[in-house]
Amino acid sequence: MKCILITGGAGFIGSNFAHYVAELHPEIRIVILDKLTYAGNFRNLVDILGKHVELVVGDICDVPLVNKLVHQSDAIIHFAAESHNDNSLVNPWSFMQTNIVGTYTLIQAATKYNKRFHHVSTDEVYGDLPLDMDNEKFTPDSQYRPSSPYSASKASSDMLVRAWIRSFGLQATISNCSNNYGPYQHIEKFIPRQITNILSGRRPKLYGSGNNVRDWIHVNDHSAAIWDILTRGRIGETYLVGADGEMSNKAVLEMILKLMKQPQNAYDIVKDRPGHDLRYAIDASKIRDELGWQPLYTDFQSGLQETINWYMDHQDWWQMDKNKVEMTYARNNQ
Ligand code: NAD
Ligand code: DAU
């Protein structure tokens, strides 16, 4: 591969992936297509932008632009999305437009120019698992049962990719990953919201009982998994990515409080998310067995400490957004 196109590369996971590839393969030209919505930040890329890494500000729904960029690339790694469940419950329109129409636009172009396509998706397409059956996990054969407008739009995009593989021979793979954490994650999301609440003198906010379970994976382990699938995965296959990192939200919050030297009860319980998925858990045996991928960040507490340090050291990266994000949550009693 001489040139890859990364959509959504100014967001959390896309920018981490761009750093990952730029470091591992400096010979590959990276073109990033990103609309720079509220979730995209060109500062996520400043240290790699240059001769080999280019940012094109634009929309994945823009057919002529997408055709031009796809034509010039050897492979497309598709991260661009509206990604936050809470936003999708208030205003779903942009989720339908970007996640469904945007994916359609990209796979049409990838089919037209016969380009390798990797679709980055989420475990949320499978809905949730019961809290009291902790041996059950999502597998590539799990039924699609999305619960929110966000996960329904991602499920729709997966279905489009699957149909294009079968009907038009699109050279594609799909990955469905669990909850990521690490640097550059927008402060609307659970872990950075709580860290930056504490750093800005606010109290952390836990939805409902706090018993909901998420399966945490460090974003660098996700980047490595995507690279392995892109370069060695079987066309037409779906790979589930997760690092056996199941924890309740309450336990994660208590760990943040402990690491940031706060009292264990120094948080507020706020209104629960409507339709709140109970538990996610990934069976990643397919990617482990077939591609030999394995997570390197196996100690969640030290990964979390590194993440806390990153937000402490990069206050200028998040401070200007903090009031706005918290005002939006406050309007929703969260
Ligand atoms: P993010 O919200 O941090 O970043 C999304 C990026 O897409 C932003 O830079 C934004 O500007 C860009 N974008 C949005 N609409 C666009 C459009 N119409 N055209 C071009 N660019 C557009 O999201 P993230 O958390 O980095 O997630 C990236 C991908 O990974 C998403 O597809 C998401 O569904 C998937 N995913 C996320 C997680 C997670 O834990 N965050 C887990 C599994 C899968
Ligand atoms: O599973 C993968 C998904 O993980 C991705 O597809 C999504 O893009 C990503 O946003 C994430 O979805 P979640 O809804 O699980 O993540 P979020 O960070 O919004 O919330 C994590 C959990 O924490 C969830 O159970 C809701 C809860 N929560 C969230 C916030 C923002 C709180 O208790 N308090 C909060 O303030």
Side-chain angles (χ1 to χ4, degrees), residues 6-17 32-42 44-45 55-62 65-66 77-89 94-95 97-99 101-103 105-106 119-126 128 138 146-148 150-151 153-154 157-158 175-182 184-194 197 204-217 219 222 226 241-242 247-250 252-253 267-273 276-282 325-326 329 334:
I6 300 178
T7 72
F12 166 44
I13 308 176
S15 64
N16 276 286
F17 181 76
I32 291 163
L33 171 60
D34 198 294
K35 192 176 170 182
L36 295 185
T37 67
Y38 79 96
N41 189 338
F42 80 93
N44 298 2
L45 299 166
L55 171 64
V56 176
V57 179
D59 194 324
I60 57 165
C61 302
D62 178 340
L65 177 63
V66 163
I77 304 93
H78 175 35
F79 293 90
E82 286 293 337
S83 69
H84 193 38
N85 276 299
D86 291 323
N87 294 344
S88 80
L89 293 161
S94 57
F95 289 75
Q97 187 65 17
T98 288
N99 300 0
V101 179
T103 301
T105 307
L106 284 160
H119 181 58
V120 181
S121 192
T122 168
D123 58 356
E124 294 193 16
V125 299
Y126 302 117
D128 59 358
F138 297 135
S147 322
S148 74
Y150 161 68
S151 51
S153 68
K154 291 296 291 188
S157 67
D158 290 13
S175 55
N176 296 83
C177 187
S178 58
N179 285 63
N180 286 217
Y181 73 99
Y184 300 112
Q185 186 167 31
H186 195 277
I187 57 168
E188 68 190 351
K189 302 282 166 49
F190 179 56
I191 288 180
R193 183 181 184 207
Q194 313 316 331
N197 272 3
K205 310 284 185 222
L206 190 65
Y207 292 175
S209 68
N211 292 332
N212 305 60
V213 169
R214 295 296 181 263
D215 188 354
W216 294 98
I217 179 173
V219 64
H222 188 189
I226 292 171
V241 183
M247 272 181 90
S248 74
N249 295 338
K250 187 160 178 274
V252 172
L253 178 53
Y267 63 86
D268 297 331
I269 291 171
V270 295
K271 196 184 92 181
D272 207 354
R273 175 184 283 171
H276 197 171
D277 279 341
L278 294 174
R279 172 175 165 254
Y280 305 143
I282 291 271
V325 169
E326 289 310 313
Y329 274 123
Q334 287 179 320

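As the structure lists them, so they are numbered: ligands from 1, and atoms in each ligand from 1.
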Checklist entry - With the threshold set at 4.0 Å, does a side-chain nitrogen-carboxylate oxygen contact exist between D128 and R279? => result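 Answer for the salt bridge query: no.
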When the ring planes of F95 and Y150 are compared, do they come out parallel, tilted or perpendicular, using 30° and 60° as the limits? perpendicular
### Query
Going by the angle between their ring planes, with limits at 30° and 60°, are W216 and Y181 parallel, tilted or perpendicular?
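Geometry flag for Y181 against W216: perpendicular rings.
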Per-atom filter on ligand 2: closer than 4.0 angstrom to a heavy atom of H84 are 19 (O)
ask   = Near L206, which atoms of ligand 2 are under 4.0 Å from a heavy atom of that residue?
value =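 Selected atoms, number and element: 33 (O).
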Discussion item. Less than 3.5 Å apart, any donor N or O on the side chain of D272 or N212 sitting next to an acceptor on the other?
Written reply: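 Result is no, nothing qualifies.
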**OP:** Could you verify whether a donor N or O on one side chain and an acceptor N or O on the other, from Y267 and Q194, lie under 3.5 Å apart?
**Re:** no
Examine distances only and state if a side-chain atom of [X] and a backbone atom of [Y] form a donor-acceptor pair shorter than 3.5 Å.
X    : Y    : result
N99  : E82  : yes
D59  : C61  : yes
S175 : I226 : no

CG (L253) and CD1 (I269) are apart, to the nearest 0.5 Å, by 9.5 Å
Got the closest protein heavy atom to [atom], with its distance?
atom                    : value
atom 12 (O) of ligand 2 : E124 OE2, 2.9 Å
atom 34 (N) of ligand 2 : K205 O, 2.9 Å
atom 36 (O) of ligand 2 : R193 NH1, 2.7 Å
atom 4 (O) of ligand 2  : N179 ND2, 3.1 Å
atom 27 (C) of ligand 2 : N249 ND2, 3.5 Å
atom 9 (C) of ligand 2  : S83 O, 4.0 Å
atom 1 (O) of ligand 2  : D123 OD1, 2.5 Å
atom 26 (C) of ligand 2 : H276 NE2, 3.4 Å

Note to self: Name the residue from T122, I217, N16 that meets the side-chain contact (heavy atoms from CB on, under 4.5 Å) definition with N180.
What the structure shows: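 Of all the options given, the one that passes is I217.
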### Test log, rule side chain to side chain contact (heavy atoms under 4.5 Å, CB included), inputs F42 and L55
CA-CA 8 Å; F42 80 93; L55 171 64; 3.9 Å; yes
Would you say ligand 2 has an N or O under 3.5 Å from any N or O of [X]?
X    : value
N85  : yes
W216 : no
D86  : no
Y329 : no
Q194 : yes

inquiry  = Set out, in order, the CA-CA distance, both residues' side-chain angles and the distance that settles side chain to side chain contact (heavy atoms under 4.5 Å, CB included) for N176 and D158, then state yes or no.
reply    = CA-CA 9 Å; N176 296 83; D158 290 13; 3.1 Å; yes
V252 and R214: CA distance, side-chain angles, deciding distance, side chain to side chain contact (heavy atoms under 4.5 Å, CB included) verdict:
CA-CA 9 Å; V252 172; R214 295 296 181 263; over 6 Å; no
Worksheet item: Please walk me through it: do D86 and Y329 pass side chain to side chain contact (heavy atoms under 4.5 Å, CB included)?
Response: CA-CA 9 Å; D86 291 323; Y329 274 123; 3.7 Å; yes
Looking only at non-hydrogen atoms, the one of R273, K189, E188 nearest atom 19 (O) of ligand 2 is R273
To atom 6 (O) of ligand 2, the nearest of Y150, Y267, Y207, F190 on a heavy-atom basis is Y150
Within the heavy-atom cut-off of under 4.0 Å, ligand 1 is lined by G8, A10, G11, F12, I13, D34, K35, L36, T37, A39, G40, G58, D59, I60, F79, A80, A81, S83, T98, V120, S121, T122, Y150, K154, C177, S178, N179, N180
